[in-house]
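Everything on this sheet refers to the single structure shown next.
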2 protein chains.
Amino acid sequence: MGSNVTLKHIAEVLDVSAMTVSRALNDRDNVDEKTKQRIREKAKSMGYTPNRVAKSLVSRKTHTIGVVIPEITHAFFPEVVRGIEEVVYNSGYQLFLTNANEQFEREKEAIETLRAQRVDGLLVSSSLTREDYAFYKKIIEGGAKVVFFDRCIENIGASCVSVNDRESSQKITEHLILEHNYSKIAHLSGPQKVSIGRERLQGFLDAMNAQDIPINKDWIVQAGFREDTGYEAMWNLLQDHADNLPEAVVALNDPTAIGAIDAIQEFGLSVPEDIAIVGFTDDIRSSLLDPPLTTVHQPAYEIGEKAAEKLIQTIEEEDPEVEKIEVPTRLQIRSSCGCSSDQIHTD
Amino acid sequence: MGSNVTLKHIAEVLDVSAMTVSRALNDRDNVDEKTKQRIREKAKSMGYTPNRVAKSLVSRKTHTIGVVIPEITHAFFPEVVRGIEEVVYNSGYQLFLTNANEQFEREKEAIETLRAQRVDGLLVSSSLTREDYAFYKKIIEGGAKVVFFDRCIENIGASCVSVNDRESSQKITEHLILEHNYSKIAHLSGPQKVSIGRERLQGFLDAMNAQDIPINKDWIVQAGFREDTGYEAMWNLLQDHADNLPEAVVALNDPTAIGAIDAIQEFGLSVPEDIAIVGFTDDIRSSLLDPPLTTVHQPAYEIGEKAAEKLIQTIEEEDPEVEKIEVPTRLQIRSSCGCSSDQIHTD
DNA sequence: TTGTATGCGTTATCAC
DNA sequence: GTGATAACGCATACAA
């Protein structure tokens, strides 16, 4: 792969030194204009492509960035990637995209490979579900440039771009309490070792406390990140507490909310009449659901842009600041929360 | 990025030659077991990571594969990518994923970069919309290993994995004719320079001809690949031919069908009562639409797997066969075609 | 079992 | 302006 003509080949044909060819092709000014022309033409006609592998070996720069996402089929991430691409592309870098499939082992392997490949920096949304930050701590201390996004690992010297998860979660919970007067509210929660799992649970609790609503621990359940895990968690909750069901559910993201709606409906109850539900993400499907899902809109594209900008700054600047960047969300009210569809803005 | 300790560093510390360190770390058998142990431990404690850039320069292999997709936000492609990943990952390769955003110029640039990066092979679904195959012809003749998927470029020496587009398109069109007795049928078509655009139009025509249905050329319109272009094409069709509207529409993919449904409903007509519509893809949203979309289910994951397998074979075998691989589809009947929801299988 | 020389394709450096 | 040489980090080929 790649063309197999090298500087040397061109040099031989033209009877100049490889060095002159290199200079000509890199448009240095200490080359005669005529020879420069000759060399360029010959290079083109021979189909020369510079070998970046060799180039990188010398320059110790690859102009590539590695991206690690936990789940490519969760529509949020492809949208983030588009934002990343836009920035990275315009800055002359190339992307290495890897998908960890929610498995930290795979994430680690991907990062090892990426680093062996000598990417200039790493953009990661971690699948980490245990408190094993040692891995990241080590590579960051070793000088790796990394910026986390969405699922952050904090206080280990890396910048991070995310939404104000806690505040947003509080807001949407308060919508249920204040607009709809629900007080029996459950939370489908994410792994507590993942930042968004923690933050969104905290926001939920903040709202409950601020409004003096008693918290029922039986209704705070682990629901993973995906549709199938959300379905299962909700189904179990319905089974186990059939005698005392919540009136509303705050799901930690849209996929789990979608799974939960299935479970509720299959259980013979209706949304939002029997149980209202809200999500977090604003998945591409959420406006199409029956009922359309009220959720927190996360500006995925913008998160990608911001993260990429921060990483490039981290790579290129002398003494980059470690920042925690928050991108604002907005409530996307639809009807799964109990709002009637004629009083709401649909998109 | 990457650790900066090299074989040489380890060698100096241990007072052996760099070569011995290399051998030990690659687990060659012509190294004393004890020194092998010493070296390994020291390498680990020093945080050594082999520099693949250097390795690749020697071996002329990078163990990376470049993937070029036209549209990362069309859910079909992320699913294909998951299939690719599964295979590639288990074969010890790494992925370089790039998104051309339906722009051939970007696709070309991505491929140039990928090749300069010396990827071992290329998996591409082309955004090409003109008959400019010269680019691919040249690189394939130059020895590049490439396998196309979904959007293929044929007869230029590369293998290709896709569904039987033409036959599937014929089948779903015949469903409209034979099951629902529609005869006034329109086609939202894709660019004719893209394989799926051509094939799906052909399948549509095959069905019409086979069933002796007259073809109205006014009802065969260019509709791009996306929701917005589908909306626009359908809207224009409704405007321009309000006096003589089709009873049914065959859209070349689900995104355009989704856009078209919007247009029809906004025009004040209903689906499928006034105009029935079918798609092609089985997008993640299609079962959630109102009405749920009848479509051709394309096994995205499997397409990814097959393409990756073929590419790896192409890379690793001596004299790989150039193949055209077809993955079978199935009709996913829902209700946008006019089938009533109680007689159909939903998923 | 271990070490030395050499080359992969490119560029920095110093000479001419 | 242009060329020779060395170096980037590793592995192959050969020597000891």
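Listed pair A:Arg23 / C:dA12 fails the phosphate criterion, with no side-chain N or O lying under 4.0 Å from OP1 or OP2. Distances shown here put every side-chain N or O of A:Arg52 at or beyond 4.0 Å from the OP1 or OP2 atom of D:dC8. An OP1 or OP2 oxygen of C:dT11 is reached within less than 4.0 angstrom by a side-chain nitrogen or oxygen of A:Lys55.
Because its NZ or CZ atom is not both nearer than 6.0 Å to the ring centre of B:Tyr48 and within 45° of the ring axis, B:Arg40 does not count as a cation-pi partner of that residue. Taking the centre and axis of the six-membered ring of B:Phe77, the NZ or CZ atom of B:Arg82 falls outside the cone set by 45° and 6.0 Å.
At whole-Å resolution of the value, CG in A:Asn30 and P in C:dA15 are 16 Å apart. Taking atom CD1 of residue B:Ile10 and atom P of nucleotide D:dA11, one finds them 11 Å apart after rounding to whole Å.
Across C:dG9, C:dT11, D:dA11, the shortest atom-to-atom separation from the side chain of B:Ser22 is found for D:dA11. The side chain of A:Ser17 approaches D:dG3 more closely than any other nucleotide in the set C:dC8, C:dG3, D:dG3. Closest to the B:Arg60 side chain, of the nucleotides D:dG9, C:dG9, D:dA4, is C:dG9. Considering only the side chain of A:Asp32, D:dG1 comes nearest among C:dG9, D:dA13, D:dG1.
Between B:Thr20 and B:Val58, the residue anchored nearer the 5' end of DNA chain C, judged by the nucleotide with its closest heavy atom, is B:Thr20. Nearer to the 5' terminus of DNA chain C, by closest-nucleotide assignment, is the contact made by B:Met19 (compared with the other of B:Met19 and B:Ala54).
Here the closest heavy-atom approach between residue B:Val5 and residue B:Met46 is recorded as CG1-O, 3.5 Å.
Nucleic acid contact for A:Ser59: none, since no nucleic acid atom lies under 4.0 Å from a heavy atom of the residue.
Listed for the A:Thr62 side chain is a donor-acceptor partner under 3.5 Å among the backbone atoms of A:Arg118.
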